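Just below is one structure, and these are the notes that go with it.
As the structure is a prediction and not an experimental result, all values here were calculated from the model. Atoms within a ligand are numbered from 1 in the order they appear, just like the ligands themselves.
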Amino acid sequence: MKDQYLDINKASWNKRTEIHFDSSFYDNESFLKGRNSLNEIELNILGDLNGKKVLHLQCHFGQDTLSLERLGAEVTGVDLSDVAIEKANVLASRLDSKARFICCDVYGLKEVLDEKFDVVFTSYGTIGWLPDINKWASVVSHFLKPKGQFVFAEFHPVVWMFNDDFSKVEYRYFNDEAIVEIQGSYTDGTEDLCTKNVSWNHGLGEVINALIGVGIQILDLKEYDYSPYDCFSGTQEMEPGKFIIEKMGRNMPMVYSIFGQKKP
Ligand SMILES: C[S@@+](CC[C@H](N)C(=O)[O-])C[C@H]1O[C@@H](n2cnc3c(N)ncnc32)[C@H](O)[C@@H]1O
């Protein structure tokens with residue numbers, strides 16, 4: 001499976017992106033009118049981006065990348081899906097943006113991009129598509145300038161232990177074998193979608209040790225009992241924009257964020 005996962009996931013993300021782009025979940029209409037798609041969680045650690053060079057890994061069709069640009073950054077977004085990159089360029093041209101988008105596997109980026117950045121950013125639904133977290137961390141570190149900042153927000157690994165309706169623990173917390181699933185997607189409009197996906201679970205210790213191992217100091221780690229996205233089944237909006245799994249209450253971690261700095 002390891003030698004085929006990129007082709008399988010690329011095909012899946014290409015299909016998903018076609019639908020996501022027109023979904024009310026992503027709501028491009030309000031985005032084009034000026035809505036910033038970033039959440040309080042990452043905004044709190046991103047700080048002042050004015051004039052900063054930001055590399056956004058796994059940017060999907062670019063809403064967050066373009067939102068980073070709206071905050072004053074010079075942005076580069078990277079994604080495996082050629083459909084996502086095509087749509088990102090459509091959004092960028094409609095906004096008269098200077099954003100650059102590159103279609104590439106995260107692991108192959110060093111071969112096509114020879115620059116350093118002030119900030120590397122990646123968020124929500126990213127590392128689960130990557131088998132080797134040490135390799136991912138080495139990419140993050142490679143592209144950061146000395147003292148550059150790493151800003152990361154991700155679904156909590158505990159969430160991925162459960163089956164779809166959160167009625168039982170189905171997967172190990174720890175990185176083990178590839179998880180192969182036939183699934184729909186998390187936006188509206190994807191009810192009839194059925195694509196094959198290959199993913200991996202990555203525990204917090206695995207992620208943190210990988211970052212430490214490549215010289216990134218962890219300055220802040222937070223865990224949250226809600227998701228800023230309504231992307232799971234059986235959710236309840238406990239406060240505007242804060243979703244929990246109803247049957248779990250506020251007992252389980254849904255999201256975490258990491259703010260790191262590359263050693264000088
Ligand atoms: C859930 S999206 C994350 C982006 C962001 N949270 C959003 O909703 O816009 C995951 C993205 O990761 C991309 N992706 C998956 N595997 C990848 C890889 N190996 N290299 C680069 N991008 C990858 C997919 O194409 C998809 O666009």
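- Heavy-atom distances between A84 and ligand 1 stay at or above 4.0 Å for every pair.
- Taking a cut-off of under 4.0 Å to the non-hydrogen atoms of L6, the atoms of ligand 1 that pass are 19 (N).
- At a cut-off of 3.5 Å, with distance as the only test, a side-chain donor of D64 or S37 sits close to an acceptor on the other residue.
- Defined by atom type and a distance below 3.5 Å, a donor-acceptor pair is present between the side-chain atoms of N163 and S167.
- Here T17 has no heavy atoms under 4.0 Å from ligand 1, in either its backbone or its side chain.
- Two rings, from Y186 and F232, have their centers 6.0 Å or more apart.
- Geometrically, K87 does not engage F61 in a cation-pi contact defined by less than 6.0 Å to the ring centre and at most 45° from the axis.
- Ion pairing of E115 with K145 is absent here, as no side-chain N (NZ or NE/NH1/NH2) approaches a carboxylate O to less than 4.0 Å.
- The ligand atoms of ligand 1 that sit less than 4.0 angstrom from a heavy atom of S123 are 3 (C), 4 (C), 5 (C), 6 (N).
- Residue L68 forms a side-chain contact (heavy atoms from CB on, under 4.5 Å) with just one option from V151, V75, V119, T76, and that option is V75.
- From the protein, the heavy atom lying nearest to atom 20 (N) of ligand 1 is V106 N, 3.0 Å.
- R70 forms a cation-pi arrangement with F31, by the criterion of a distance under 6.0 Å to the ring centre and an angle within 45° of the ring axis.
- Atoms of ligand 1 found under 4.0 Å from any heavy atom of S81, numbered from 1 in the order shown, are 25 (O).
- Note on D118 versus K53: no salt bridge recorded, every NZ/NE/NH1/NH2 to OD/OE distance being 4.0 Å or above.
- By the criterion of a heavy-atom distance under 4.0 Å, the side chain of Y186, and not its backbone, is placed next to ligand 1.
- Taking the six-membered ring for Trp and the full ring otherwise, F174 and W200 have centroids separated by 6.0 Å or more.
- Residue contact check: L130 has heavy atoms under 4.0 Å from atoms 18 (C), 19 (N) of ligand 1.
- Atom CD of E40 has 12 or fewer heavy atoms from other residues, nucleotides or ligands within 6.0 Å.
- Considering backbone and side-chain atoms together, H60 places an N or O closer than 3.5 Å to an N or O of ligand 1.
- Between the side chains of Y5 and N197, no donor N or O sits under 3.5 Å from an acceptor N or O.
- The closest approach between T122 and ligand 1 stays at or above 4.0 Å for every heavy atom of the residue.
- Of the protein's non-hydrogen atoms, the one nearest atom 19 (N) of ligand 1 is D105 OD1, 2.9 Å.
- In summary, the side chains of S185 and T190 do not present any donor paired with an acceptor at a separation below 3.5 Å, with no hydrogens or angles considered.
- Remark: ligand 1 atoms within the under-4.0 Å shell around heavy atoms of G125 are 1 (C), 2 (S), 3 (C), 10 (C).
- Every atom of ligand 1 with a heavy atom of C104 under 4.0 Å away is listed here by number and element: 20 (N), 21 (C).
- Counting only heavy atoms of the protein, atom 6 (N) of ligand 1 lies nearest to Y124 O, 2.8 Å.
- In terms of protein heavy atoms, atom 25 (O) of ligand 1 is closest to D79 OD1, 2.5 Å.
- Nearest-residue assignment for atom 8 (O) of ligand 1 (options W13, Y26, Y5; heavy-atom criterion): Y26.
- Summary of contacts: the protein heavy atom closest to atom 23 (C) of ligand 1 is L80 CB, 3.4 Å.
- Ligand 1 does not have G62 within reach: every non-hydrogen atom of the residue lies 4.0 Å or more from it.
- Near W129, meaning under 4.0 Å from one of its heavy atoms, ligand 1 places the atoms 15 (C), 16 (N).
- If you check which protein heavy atom lies closest to atom 12 (O) of ligand 1, you get Q58 NE2, 3.2 Å.
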